[in-house]
Amino acid sequence: MKLAEFILKYKKSIIAIFLLLAIVSAITQFGVSVNYNMADYLPKEAPSTEAMEIMEDEFEGMVPNTRVMVKNVTIPKALEYKKELEAINGVNDVMWLDDTVDVKIPIETMDADLVESYYKNENALFSVAIEEGREVEATDAIYELIGEENAIAGEAVNTADSQKMAGRESMYAAALLVPIIIIILLLSTTSWVEPVFFLTAIGVSVLINLGTNIFVGEISFVTQSVAPILQLAVSLDYAIFLLHSFNSNRKIMADPHQAMLKAMKSSFPTIATSASTTFFGFMALSLMEFEIGSDLGINLVKGILLSFISVVIFLPALTMLFYKWIDKTEHKPFIPAIKGVGKMVLKVRYVVVAIVAILIVPAFLAQSNTNFIYGIGEQPETSRTGSDKIAIDEEFGQLNSIVLLVPKGDIVKETKLTEQIENLPPVKNVISYVNTVSPVIPPDYLDPSITEQFYSENYARLIINTDLPSEGDKSFGLLEEIQSLSNDWYDTVHILGETATLYDIKDTVERDNTLVNTLTIGTIALVLMITFRSISYPIILLLAIQAAVWINLSFPYFTDSSLVFVGYLIISTVQLAATIDYAILYSEAYKEKRKELPKLQAIKETMDEKLFAIIISAAILASVGFILWITSTNPIVSSIGLLLGRGAFLAFISVVFFLPALLYIFDKAIQKTTLRSSTKKGSELQ
């Protein structure tokens, strides 16, 4: 109470401090760089990360990450295009037919499969390596060079597209979301300006969170796209709890000052519990080895903490300074009180439990057997990037390059390994010294300009071109086969390229999945155990929400669609952490009513009283998810949005129908496993 008195006494100074921090943060956020390269978030000890570091130290040329197709050109004209591509800022290396054969010789005398990998039907295909961080600059210059009639595709192009779209799509999402949230809040309040108070309090904390990222220096593209909107949606409840309590107290207390003091005291435990479950859920994300998850987790943990501070300090000060505006802009409720739902819910309680019991096991099995995508995913076919990729694939087939580094010095081993890899069905060709120059000519006898792409001081480099996509069971199987063949000849080998990176991401996030889910459930269970002083309440609440999580994540399996694994991993934590609040809000009210009422009546009255608040909270979170899904062209962000929107809706259904059924059925167990549980006994009102 002393802290509350202090806040209200110095309300003007507190408001000034928060607004100043928000203004400074709004400026400093532009100094935070955004990283779009998923490979940078792998652990440093990941094999592909170590391989990339070795290649960068040993060789000048990068792994090709872009394909450029120029139509209707002669070989001399294609060579001119190659020189122009090499001259573009950000382009590290360009490979074409002349790097593997002497193009002065008639192509009819060359190996047809090799030639058609680069030149087919008078169309030239260049393999281009674009430097990390310069994707937009380089791809824009390539587009200008080749024009609309030609095509460009690859990892660097996808990254450039993501960079261009991120800022615009975030603004578009915000432009759609804020009006929707305002409408939802207006429906839940009796004052025209009350939603402004909610959004101001949380908006200030979002700005401060964005600005304080300057101390981190860099955030991932997932964090940039998802964190601000998710923070807003998850923490708006805190502001709603406080102001609703304040308005209720004003109806029975003449002094607004005393009404706010009581509101701060009475709402603090609910806000703290709600923030704690979300805080610890997001904290589990921050422990991921794959650092895109930890980057998002740390940002959301910081955001929840700042939202909590803003609601318990800034919002009371702001409200007490301008509460008369609430009085002047009062209006009648738009939606009448909801009655009779509790009675209807109880009528179907056994049916609901039976339905969930039937669904939960298949849903659990399905969500763990979904076909996952570990990369950024494909761009839509309607975009130029998507249509260009289709055009290149139709003409030349899919091309995915894998780079193999082996110890230098043994030509015989290198020749045997090259032959074995070339004989693998998915391999189109292998570019190495022994099959491009000659195994009988010692490299030391040749000009370094000829050998430098094949040999460094310590390593020989083989570029393996395959017709497989960058990821999938076949692609990962080929990678393992190449690794096995190489290990037969050498003690130490290094493999890199997009497939190797995605293989390591797959390996890392699969380990993360178990850790993150265990920690999320464990920490939230501990918070619930302390809050309810019960063993059974945490189990029942977590079962209600986890059932919704599993059903949500099982959709891709039953619809035979692929799911971006990063989205799956993040949402399995975020949905639980964000929607457990609905269950807490209902169960806390039920627990109090159960002291005075029989269980049937307590469930009915609690549902009628709390349903509207749960609807508002779920509607905001679902709106955030679905708008992210609709507005984002980035497959990772879009999948997170769809899962979040659908998850919020399913969690709402579970809390309204499944949770009351569990509370009713396990009432005796709850009373026996809850400290200081005093309940009303007697006849149940039907």
Side-chain angles (χ1 to χ4, degrees), residues 37-39 41-42 46-49 51-52 63-67 117 127 153-159 162 290 292 365-381 385-386 388-394 396-404 421-430 463-486 495-513 553-569 634-636 638-640 643:
N37 188 355
M38 292 179 67
Y41 292 96
L42 277 170
S48 61
T49 304
M52 181 62 75
V63 180
N65 53 15
T66 306
R67 293 197 291 168
S117 296
S127 293
E155 184 184 2
V157 186
N158 293 339
T159 300
S162 297
F290 186 48
I292 275 188
L365 295 174
Q367 60 89 34
S368 58
N369 285 282
T370 298
N371 183 33
F372 292 113
I373 297 171
Y374 296 91
I376 201 169
E378 298 293 346
Q379 296 296 321
E381 293 181 10
T385 303
D388 277 7
K389 182 182 185 302
I390 291 170
I392 293 173
D393 288 350
E394 285 178 350
F396 288 93
Q398 290 191 107
L399 178 68
N400 177 32
S401 297
I402 297 171
V403 176
L404 176 63
I421 294 174
E422 282 182 319
N423 289 328
L424 296 174
V427 174
K428 298 175 74 172
N429 56 68
V430 177
I463 298 177
I464 304 159
N465 293 319
T466 79
D467 58 6
L468 293 175
S470 57
E471 63 175 300
D473 292 341
K474 291 182 179 178
S475 301
F476 294 148
L478 175 63
L479 193 77
E480 291 171 350
E481 198 164 359
I482 291 170
Q483 179 82 53
S484 177
L485 290 174
S486 304
I495 303 178
L496 62 153
E498 189 177 5
T499 298
T501 297
L502 294 174
Y503 185 87
D504 285 346
I505 290 175
K506 174 181 181 289
D507 183 56
T508 303
V509 296
E510 284 178 348
R511 294 198 306 270
D512 283 335
N513 187 34
L553 294 175
S554 70
F555 271 72
Y557 178 84
F558 291 116
T559 56
D560 195 26
S561 56
S562 298
L563 177 62
V564 179
F565 195 92
V566 174
Y568 164 84
L569 183 57
N634 185 296
I636 292 179
S638 179
S639 68
I640 290 173
L643 290 169

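All heavy atoms count here, side chains included; hydrogens, waters and symmetry mates do not. Predicted model only: the values in this text are computed from it and were never measured.
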Asks: Look at the side chain of Ser475 and the backbone N and O of Pro469, then say whether any donor-acceptor pair between them is shorter than 3.5 Å.
Replies: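 Between the backbone of Pro469 and the side chain of Ser475 there is a qualifying donor-acceptor contact (under 3.5 Å).
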Asks: Please report the closest heavy-atom contact between Ala39 and Thr49, naming both atoms and the distance.
Replies: O-OG1, 4.5 Å
Asks: Identify every side-chain donor-acceptor pair in residues 421-428 under 3.5 Å, counting partners at least two apart or on other chains, and give the distances.
Replies:
residue	atom	partner	partner atom	Å
Glu422	OE2	Asn435	ND2	2.8
Asn423	ND2	Glu419	O	3.0
Lys428	NZ	Phe396	O	3.1

Asks: How far apart are the closest heavy atoms of Phe555 and Thr559, and which atoms are they?
Replies: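 That closest heavy-atom pairing would be O-OG1, 2.8 Å.
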Asks: Quick one: pull up CD1 in Ile464 and CD1 in Ile495 and give me the separation to the nearest 0.5 Å.
Replies: 7.0 Å
Asks: With Phe290 as reference, evaluate Asp507, Thr508, Asn513 under the side chain to side chain contact (heavy atoms under 4.5 Å, CB included) test and give the passing residue.
Replies: Thr508
Asks: What closest approach, in Å, do Phe565 and Val509 show between heavy atoms, and which atom pair accounts for it?
Replies: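 Taking Phe565 first and Val509 second, the nearest heavy atoms are CD2-CG2, 3.2 Å.
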Asks: Which atom names give the shortest non-hydrogen contact between Tyr374 and Glu471, and what distance separates them?
Replies: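 Closest approach of Tyr374 to Glu471, heavy atoms only: N-OE1, 2.6 Å.
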Asks: With a sphere of 6.0 Å drawn around OH of Tyr557, does it hold more than 12 non-hydrogen atoms of other residues, nucleotides or ligands?
Replies: no
Asks: Set out, in order, the CA-CA distance, both residues' side-chain angles and the distance that settles side chain to side chain contact (heavy atoms under 4.5 Å, CB included) for Leu404 and Ile402, then state yes or no.
Replies: CA-CA 7 Å; Leu404 176 63; Ile402 297 171; 5.7 Å; no
Asks: State, with a plain yes or no, whether a side-chain heavy atom of Asn37 is found less than 4.5 Å away from one of Thr159.
Replies: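 Not in contact.
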Asks: Are the side chains of Leu563 and Leu643 in touch, meaning some heavy atoms are under 4.5 Å apart?
Replies: yes
Asks: Tabulate below the donor-acceptor pairs under 3.5 Å that side-chain atoms of residues 496-504 make, not counting sequence neighbours, or state none.
Replies:
residue	atom	partner	partner atom	Å
Thr499	OG1	Asn400	ND2	2.5
Thr499	OG1	Ser470	O	2.9
Thr501	OG1	Gly497	O	3.1
Tyr503	OH	Glu480	OE2	2.7
Asp504	OD2	Ser48	N	2.7
Asp504	OD2	Ser48	OG	2.6

Asks: How far apart are the closest heavy atoms of Leu399 and Ser127, and which atoms are they?
Replies: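 Result for this residue pair: CD2-OG, 4.0 Å.
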Asks: Provide the closest heavy-atom pair for Pro556 versus Thr370 in the form atom of the first, atom of the second, distance.
Replies: CB-CG2, 3.7 Å
Asks: Would you call the rings of Phe372 and Tyr568 parallel, tilted or perpendicular, taking 30° and 60° as the class edges?
Replies: tilted
Asks: Can you confirm whether Asp393 sits close enough to Arg67 that some side-chain heavy atom of one is under 4.5 Å from a side-chain heavy atom of the other?
Replies: yes
